[in-house]
Every structure is written in structure tokens, then in C-alpha cells.
Amino acid sequence: TIASPLNLVLFALFILLLYTRLRPASKAPTLPAPPAPLVFKTFTPPQLKPFNGEDNKPVFLAVRGRVFDVTSGRNFYGPEGPYANFAGRDASRGLAKGSFDEEMLTEDLHGPLDRLEDLSGDEIESLNGWEERFNAKYLVVGKLVPVGHADAEPDDE
Amino acid sequence: MATFLERLDAQLASFLSDWNLNSTVLVVIIASLILYPILFPVEADTHPLLLARQSALDPIRNKFQSAIHRSPEAPPGQGLKSGFDLKDAGAARWAAGRDGDLRDIWREVLMAGTMQPGWARDGSSEEKLVPTGKIQTVLGREEVVEHDVQQMSKQIQIIGQHLKAKGCKKVAIYLPNNLEYLLTIFACSFYGISPILLPYNLPHPAAYALINATTADGLVCAAGSLPLDGVAKECSKIRSLVWVVEKTSRHMDWHGVPHFAKNRLTVNVWHDVVQENLSKTDDDLPTNASGDAPTDIITFWDSPTKPQIVPVSHGNMVAAIAALISALPSAQRVGPGDVVLPASSFHQPYVLCQTLAALYTHADLAITSVAQPGVEMATATRGIRPTAVIASAETLHTLHKNERYRRNSVVEEVAKYGYSRSLAAGHLPKQSSLLFRMLSPSNLISQGTKPLELRLILTSDRLDTPTPALTSRTLSELRIMTRARICYALTAPRVAGAVAQTHVYDYRVHHERDSVSKNFGIPLSSVEIWLEDKNDDAKVGGAQPEGEIVVSGPAVSGYNRSTGKGAVKLGVKGKFGEDGTLSLSYVTRQKN
């Protein structure tokens, strides 16, 4: 009666459970890979201009030579946003004076960068404040140099 | 006419009619197998997904460089850990503390047993009792001598003033691990002298060459380890020689000076200098304002291929010490009640940083003079029951090699298997568990008949030296042999403390990775690491970058904190795995 069918079934069940309990563990869990890190790029004004949110491109803007990735603020800086003028351009003067007009942007993209020499103390202060906010909120993805600068990279495409 | 169901019912009844005692026993066993893990669940020590990505990455990288990898305690955007963050009395609560230096470590030791306001360092100014950590020396097999903190403070003062009075600016220390070693380092810190940490037991010509190469003008030496005539002749720059004499040799006269050196060299004996000046000293050690500013500590990286003399500043040391303390989660940190045994020589910066960290956190310290790289674990732990050991990789490698082929009984083998399964599931069994008690007390670590208290082993790999590699499989087997957690760190000549250290709860074994590289976990919070490859951007831009290791941060010798410049290239190739841990490829030319 030890080897009755019932006992055999129960014994088989017991062996199966023992095996599942004692076999080596499966592989450890892994996380999906994070997005690849962006490469820090040196932009000239013509190279920066395409990055204004159109054609699914990210939105960049430059403040005092540093290029910020403001794609998360697309509602403001992207196309049809209130500050869309700043996208893909040097926004330093506009932020200092608190104006989004076209006159705040440097017209000649191949000329030297805006040196901001004629700004008053208050305007410089407000520009500093804006730069701090941008630094805290957005990622610095590059720097802006004028065309012909030693660090400028050659155009792709 | 019987229906299908009626026939099935009859079959089932006849099947179950065979029920007897054996069936009951089997059912009980099956039920317990199913219910036991539900009723007594065992949780992993840490969440496995926390080990799946351990380091914090910068979302931006430079071309031909990988993203900067940092510890999650100091993610990109925050500053790296640069010191102890000490808030002096009267400072604003929210102001950043100062970094401190080695003098603050001794002041922290002096505070033990007193009530200090603000000691909790949580911003409140309520008084808390500072715990006491004993500083002990292990002599031989049975004797453990405890030292009085006030006495030690007086010795620091006397020796520091003596060396300063002799005009020594750089004092070489040629001692085995003993109390005087640490006291000399503190004496040099308080009196603006640079200590030079020399490896012990060198052949005499090598020792003289090293003393001359570092331009030492003072020497604190173990009596009998170097001949007086040799030192006086070869090392002509030495102005003051202090012998540290063991109790057993004090009947001999160590005061002689060879006549050819009488005008340039004075010879003193440590215990005599202390005895003479004991009554003359003031009460307190010099404060930061009144004393000399601390100067660099000069370390020697004794690599056979690339020996280097590296000056390390106090800023580097405290950044490394603070990072080593916070690298362990608070449940595993070394602290009051722990007995820490440095089982490797103090001249190695990692061992020194961990020892000073133990002092700073008020753990009991047990100093033994047999400690040197490669000492056997049983010899080093003789006479003391440590809870944490700072061992060299050679010690652990020997331990593993010897223990591997030991014949175990069946019960022990079963217990070992259960232990390794527990580790694979991410849990190290507690000392009170059944599994623990089934494993026989090992005579690898001297402990008599009481159960082991060892809970943590800190070990390091020294770059450019022939230290044996500890693969993750070796570490896992060592965890079973010693029943302790092991942290494996990568140390490099120009980085104080360690570059990277494995997670204390990471028990995983990676067979494929083991065959090509040794793994060191994530960067400490005092450094940041990136990989460079000047030729191939794709190699460093991928999810698992490969390239030459570059280290930067407050713990790097020569780092400028205001400009952030001063990164050092380690000169080896490394790789970051998908879990963010650093691996170094094996150097194929070195055997064993």
C-alpha cells in the first residue's frame, strides 16, 4: 500500500515542489536603458536657429553664451508659444529688458554675438535672475560662439 | 446504466480509498513546503531594482568622453562630498559647514564621553552624549591594552612640539601598525609638519633611497628596524630621529649617535621624550587659529611598475573619509559598539582613511602590529573579536584559496548550499538563523568557541600593483566562508581613499563579467568618473561606455575646488556596465 497510485501521485507532487523550490534562481531584474546622454555641442547662431521646435526638433535657446534645452517648456518657447521668438536664438537681451520683440534679437547671424554692454544695472540683475532660473530648470546642452570662432564646429549636412 | 460522471465518481472513490498514513505524511510535507515561505518570508536586504542601476549619470557628455558617473549621494548638479560639514558653535544653522581636516578627527575623539550641544548634527542645539570609542592595541595572543585618550593627546602635543622644535618640516614614518603611527600623523597635523608614510619592512637600501627621495628631515622609526649607522650615513638630511621602542627592548640604550653625525643628527626615544615633558605640557592642543596650518601628507604608492610619491592634502583626505563613511547605508555603517581591526598597513591610504573614519565615528579601534598586506586572517584577528576588518586583497585571496578545498561534512555542505541560495536571492542570513548555526565555526578567523561577530570586511585593489583580483564569484564564496558582508574598492595613487566601491548589499555573481574584468561598483561620493576615448566617440557614447578612466573631485590630489580642474587619468581601461558599476579589464601579463 506504500506504492499505491495515490501515494505515487503525491510523491511526484512533492518532488516537483522540491525541485521548483531548490533550483537556481532566474536572472536578476534589470531596468530599461536610460536615454543616451546628449553630446555637449558648440553652436554658432546659424547652427542654433533650426532648433526652434519645428520638424520635431528640440527647442534650444541661448543665454549669455550657454545653450539651454527648453523642450520641456515647449508651450512657451515652441512654435506658437508666446515667447517663440527666443527659440533657436540668443535671448540674453530680451530677457534682460523683459521684452519679446524682434529688436531684442541679433539680426546678423554671421556677425559677432551681442555683447550686452549698454544694459543698465537693473537689466543686468534681471538677466542674472533669469539665468539662475534657467540653470535650475533646464539642462545646458552647449555653448554659443560667433561664426569663425576657434571652437566653432563645422556644419553637418 | 452508469453515466460518465457516476463512473468518474466511482474511479475517484476507489483511487482515494487507498489513503493511509503515508499519504497523510506526504500531504503534510507538501502543505508545509507551500506554506513555509508564506508564513516566514525572507526579504532581500535591498530592492533588486536598486542594484539594477546604482550610479547617477549626467544627461550631458562631451564628445569623446562618456557621461560623468557619480554616486547617487552626489548626483550631477550637486556638489561632490568635500569634507565633514562641521558647523562650529555659533554658526548659522542653515549655513554650509566647513570641511575640516585631520585635526578635527582627533578633536572628535577627544569629545567622547562629554555632552556636546549640536552633536546630533541635525541642526538642533540640544546636548547629546558623545559615544566613546576605545583605542586598543593587541599584543600577542591574549593581551589587549586600552589607551587613555587624554594620555594620547599629551603624547601628540609632546612629540609634535619636539619635532617642530628640531625644525623638521617633513617627517618620515617607518613603523609597523601601532599607536605611535597614528599619534605621529596627528602630531604632524597639529604642528604643520608633513608626515611621509613609508611602507614597512623594506630592504635597508630601499628604505634609505625612499627617505632621501622624499627629502625627509625627520624620521620616526621602529627601534631595530633600521641600523643607526646606516641611517646616519645614508640619510644625511635627517635632523631628528625618534626611536619607537617596544616594551621588551627598553632595557637597551637607544640614545647613542654615531660621532660622524653628532652635529647634524639628534636621536631621541619616544617614551623618554614623553616622560620628560609630561609635566610641562599645556592642557590643550593648538586651536585652528593659534596653531600652524596643516600641510600635505606624502604617500608612497609602492607599485613595482610605477612607484610614485604623491602628496595628498588634508582636504583630499577628509573628502575621502567622509565619502567612505557615507558609502555604507546607516544600518551597516561602522560606529559606536563596533570593533574595527585594520589588518593591513597604515601606509596604504585606503586603510588609513578607513581607520580614521572608524575613529571619527567613535568605533572601537584595535591596532595590531602583525597587520601587513598579505597577512593571514587568522593571525591578524588573534586575540581580538572584530566586527569589521580592513583587509588587503591578498589576505582574502589566501583565505579563499585555503578554505576552498576544505572537506566539509554533509550538514555543512547543505548549509553552504542554503546560504548561497539565500545570497542569490539577495539576503545574507542573520547570525541567529538556523542556517548560520549549521555552518560550523570556522577556524579561519580566530574566535574561540563563541559565534563569530564579524559583520563587515573592507578590502581594496591597488592599481598597478600585483594584487590578486577578487571576482564576484570569489567574493560570494568569501561571504559564505566569513558570514560577513564584503565591500571591494578600487584605489589609485592620486586619489585619496578609493575611486569606487561595491555596494554592501550587492551579492550578485556575474560569470561572464568575471572572466574578463573585475568589478568595483559605483564611484564614491567624493569623486566623479568618466571614460575617455580620443578616437572612437561611439564607444563612449553607448549604454555601456568603454574607455580610459578619468577621475575628478575633491578627493583627487591636485584638484582645485574653485575652478573644478584637476582630473587625473588612471592609465587603465575601464567599462561601465548597464547597472552603472565600473569594471576594469584584467591585465593579461600578470599571472596569479
Side-chain angles (χ1 to χ4, degrees), chain A residues 1-43 47 58 60 66-72 132-143 151-154 156, chain B residues 14-34 36-37 44 47-53 57-68 76-77 417-418 420-426 506-510 530 537 540-545 578-580:
Chain A
T1 52
I2 289 184
S4 64
L6 174 64
N7 282 359
L8 286 174
V9 166
L10 286 174
F11 189 69
L13 193 60
F14 166 63
I15 293 294
L16 183 71
L17 268 177
L18 206 61
Y19 166 72
T20 55
R21 196 52 50 107
L22 293 181
R23 70 177 164 195
S26 49
K27 276 179 84 75
T30 54
L31 287 169
L38 289 170
V39 182
F40 188 90
K41 207 162 129 55
T42 307
F43 292 96
Q47 288 170 350
F60 292 165
R66 291 199 290 180
V67 176
F68 290 92
D69 180 354
V70 295
T71 319
S72 53
E132 268 185 48
R133 283 187 55 182
F134 271 76
N135 219 357
K137 201 165 169 193
Y138 301 113
L139 194 60
V140 176
V141 296
K143 65 180 182 186
D151 289 342
E153 290 169 20
D156 317 312
Chain B
S14 74
F15 185 65
L16 290 175
S17 66
D18 290 336
W19 192 283
N20 54 15
L21 182 62
N22 303 314
S23 319
T24 318
V25 165
L26 278 171
V27 167
V28 166
I29 293 175
I30 289 171
S32 60
L33 257 184
I34 295 173
Y36 181 79
H47 200 287
L49 286 181
L50 286 175
L51 299 176
R53 188 176 304 141
L57 272 77
D58 206 340
I60 283 287
R61 67 179 182 91
N62 285 330
K63 202 152 187 206
F64 300 119
Q65 288 181 4
S66 74
I68 295 177
Y417 180 69
S420 65
R421 277 188 51 83
S422 189
L423 281 181
D506 191 354
Y507 314 131
R508 299 172 301 168
V509 178
H510 302 261
W530 65 88
D537 186 54
V540 288
Q544 302 193 28
E578 61 176 352
D579 55 1

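Throughout, a chain's letter reflects where its sequence line sits, starting with A, and its residues are numbered from 1.
To the nearest 0.5 Å, the span separating CD1 on I30(B) from CG on L13(A) amounts to 4.0 Å. Between the CD1 atom of I34(B) and the CZ atom of R21(A) there is a distance of 8.0 Å, given to the nearest 0.5 Å. Taken from OG in S4(A) to CZ in F15(B), the straight-line distance is 7.5 Å, to the nearest 0.5 Å. The structure places CG of L10(A) at 9.5 Å from OG1 of T24(B), a figure rounded to the nearest 0.5 Å. With values rounded to the nearest 0.5 angstrom, L139(A) atom CG is found 7.5 Å from D58(B) atom CG.
Residue-environment remark: OH (Y417(B)) exceeds the threshold of 12 foreign heavy atoms within 6.0 Å. Heavy-atom neighbours of F40(A) CZ from other residues, nucleotides or ligands within 6.0 Å: above the threshold of 12.
Under the 4.5 Å side-chain criterion, counting only non-hydrogen atoms from C-beta, L33(B) is in contact with L18(A).
Per-residue counts of heavy-atom pairs under 4.5 Å with chain A were compared for A52(B), P48(B), P59(B); the largest is that of P59(B). Listed options P5(A), A36(A), A33(A) were ranked by heavy-atom pairs under 4.5 angstrom with chain B; first place goes to P5(A). Of the listed residues A543(B), P37(B), G426(B), the one with more heavy-atom pairs under 4.5 angstrom with chain A than any other is P37(B). Of all the listed residues (A136(A), P34(A), P29(A)), the one sharing the greatest number of non-hydrogen pairs under 4.5 Å with chain B is P34(A).
Both the backbone and the side chain of R61(B) come within contact range of chain A, judged by heavy atoms closer than 4.5 Å. For a residue to count as touching a neighbouring chain, one of its non-hydrogen atoms must lie under 4.5 Å from one of that chain's; by this rule L31(A) touches chain B with backbone and side chain alike. Heavy atoms closer than 4.5 Å to chain B are found in the side chain of V9(A), but not in its backbone.
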side-chain contact (heavy atoms from CB on, under 4.5 Å), that's the test. Do L6(A) and N20(B) meet it? Break it down for me. CA-CA 10 Å; L6(A) 174 64; N20(B) 54 15; over 6 Å; no
- Is there a side-chain contact (heavy atoms from CB on, under 4.5 Å) between V39(A) and N62(B) once you walk through the steps? CA-CA 5 Å; V39(A) 182; N62(B) 285 330; over 6 Å; no
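Checking side-chain atoms of R421(B) against main-chain N and O of R23(A) turns up a donor-acceptor pair under 3.5 Å. Counting only distance, with no hydrogens or angles, the side chain of R53(B) and the backbone of P32(A) share a donor-acceptor pair below 3.5 Å.
N7(A) and L26(B) get closest at one heavy-atom pair: O-CD1, 3.7 Å.
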